[in-house]
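Scroll down for the structure; my scribbles are underneath it.
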2 protein chains.
Amino acid sequence: MAPATTSGSAATEAWTLLQRLMVGQKGRVHTIAAEFGLAPAQMLALQVLEPEHPCPMSALAQALRCDNSNVTGIVDRLEARGLVERRPGETDRRVKILAVTPAGEALRERLQERLREPPEALARLGEEDAQALRDILARALGDA
Amino acid sequence: MAPATTSGSAATEAWTLLQRLMVGQKGRVHTIAAEFGLAPAQMLALQVLEPEHPCPMSALAQALRCDNSNVTGIVDRLEARGLVERRPGETDRRVKILAVTPAGEALRERLQERLREPPEALARLGEEDAQALRDILARALGDA
DNA sequence: TATTGTTATACTCTATAACTATA
DNA sequence: TATAGTTATAGAGTATAACAATA
């Protein structure tokens, strides 16, 4: 009823609160990455790379929203640990296809499991709020 | 009604959707920082530092969830641009108090204005959903 | 000519450890 | 001894530009 933040539209206020929530989670997510010996960008890459769908380097760059040249280094480190591998493109020999190795898939699953755990702020919501939140976010992301 | 994601509690599903939303926003937020010539950590620091409440270096480190030694460099760059300044602590001469300069405050306000703009995904929510989202997040963060 | 991925370069962020000046 | 901030060091992410191989 009363404004939750200073002022502005409800969407603006929600966005402000969302940013605050995520900044507060930075440390926790970073700690999870460290548990697996992964740097943040490496963790994100491993989340994005679906074992069932190998994809070109450029697709990973797009998903990570960074330059192609960065992906080279990130993949180098993941490949050095045997978590992913580069395969030659089949039709276009310029592209390299990234595939998650079995070891990478195993680590990825344990990682996802840890990352799925909701932060305290969400865990303590009542079931009604949690469901409403999930449904609204699903609509926002176009999943509904 | 139907599960929005694969499985799990509503809070877990909401958290998964939230992470997806934020990853999708990474590029936009980074672009805003670049508009002001700020690196991401510098932008975050400028958001955290309230002009009305100067605070010690260590408080900024805590807010940024990084080591004290990092803050030295981040503040060095902000200070070099005249956006913040270090003042000697009044009671304890070991501490340095960070104060946002008038120039920093002006830039900070323009920055906040840009960052307050909600992403497309939230902006297109109906008013009812937007308000519900805001209120739930406010409860989650303990603001209500 | 255009594109994919790499390399070279330069800057920022990050943690750890050693240091200083205070306390 | 302990603490606040700095410095030194090393590793990682980031963008830009130049490059090789391929299209």
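Computed from heavy atoms alone, side chains included, the values below leave out hydrogens, waters and symmetry copies. Below, chains carry the letters A, B, ... as their sequence lines are ordered, and counting in each starts from 1.
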Exercise for the section: Count the heavy atoms belonging to other residues, nucleotides or ligands that lie under 6.0 Å from CD of B/Q62, then report whether that count exceeds 12. Expected result: no
Fill in the blank from the handout: Expected list for residues 53-62 of chain B near DNA chain D, using heavy atoms below 4.0 Å, is B/P56, B/M57, B/S58
Exercise for the section: Evaluate the side-chain proximity of B/L111 to B/L38: yes if any heavy-atom separation is below 4.5 Å, no if none is. Expected result: yes
Problem - Terminal contacting nucleotides, 5' and 3', DNA chain C versus chain A (heavy atom, 4.0 Å) - result: C/dA2 to C/dT14
Problem - Residues that A/Q112 engages under side-chain hydrogen bond (donor to acceptor under 3.5 Å, both in side chains), provided they are two or more places apart - result: none
Handout entry: Any donor-acceptor pair under 3.5 Å from B/R108 side chain to B/L46 backbone
Key = yes
Practice task
Check whether more than 12 heavy atoms from other residues, nucleotides or ligands sit under 6.0 Å from atom CD of B/Q131, and answer yes or no.
Solution key: yes
Practice task
For residues B/L122 and A/L18, determine if any side-chain heavy atom of one lies less than 4.5 Å from a side-chain heavy atom of the other.
Solution key: yes
Show me, pair by pair, the donor-acceptor contacts under 3.5 angstrom made by side chains of residues 47-57 of chain A, not counting sequence neighbours?
| residue | atom | partner | partner atom | Å |
| --- | --- | --- | --- | --- |
| A/E50 | OE1 | A/H53 | ND1 | 3.0 |

Problem - Side-chain (A/R86) to main-chain (A/E79) donor-acceptor, under 3.5 angstrom - result: no
Exercise for the section: Can you run down the side-chain hydrogen bond (donor to acceptor under 3.5 Å, both in side chains) pairs that involve residues 24-34 of chain A, sequence neighbours left out, and say none if there aren't any? Expected result: A/Q25-A/R28
Practice task
Round to a whole Å and report the spacing from CG of B/L98 to C1' of D/dA4.
Solution key: 12 Å
Practice task
Determine, for nucleotides 14-23 of chain D in 5'-to-3' order, which nucleotides have protein heavy atoms under 4.0 Å from the base (write B), from only the sugar-phosphate (write S), or from neither (write -).
Solution key: BBBB---BBS
Handout entry: Between B/T12 and B/S9: side-chain donor-acceptor atoms closer than 3.5 Å
Key = yes
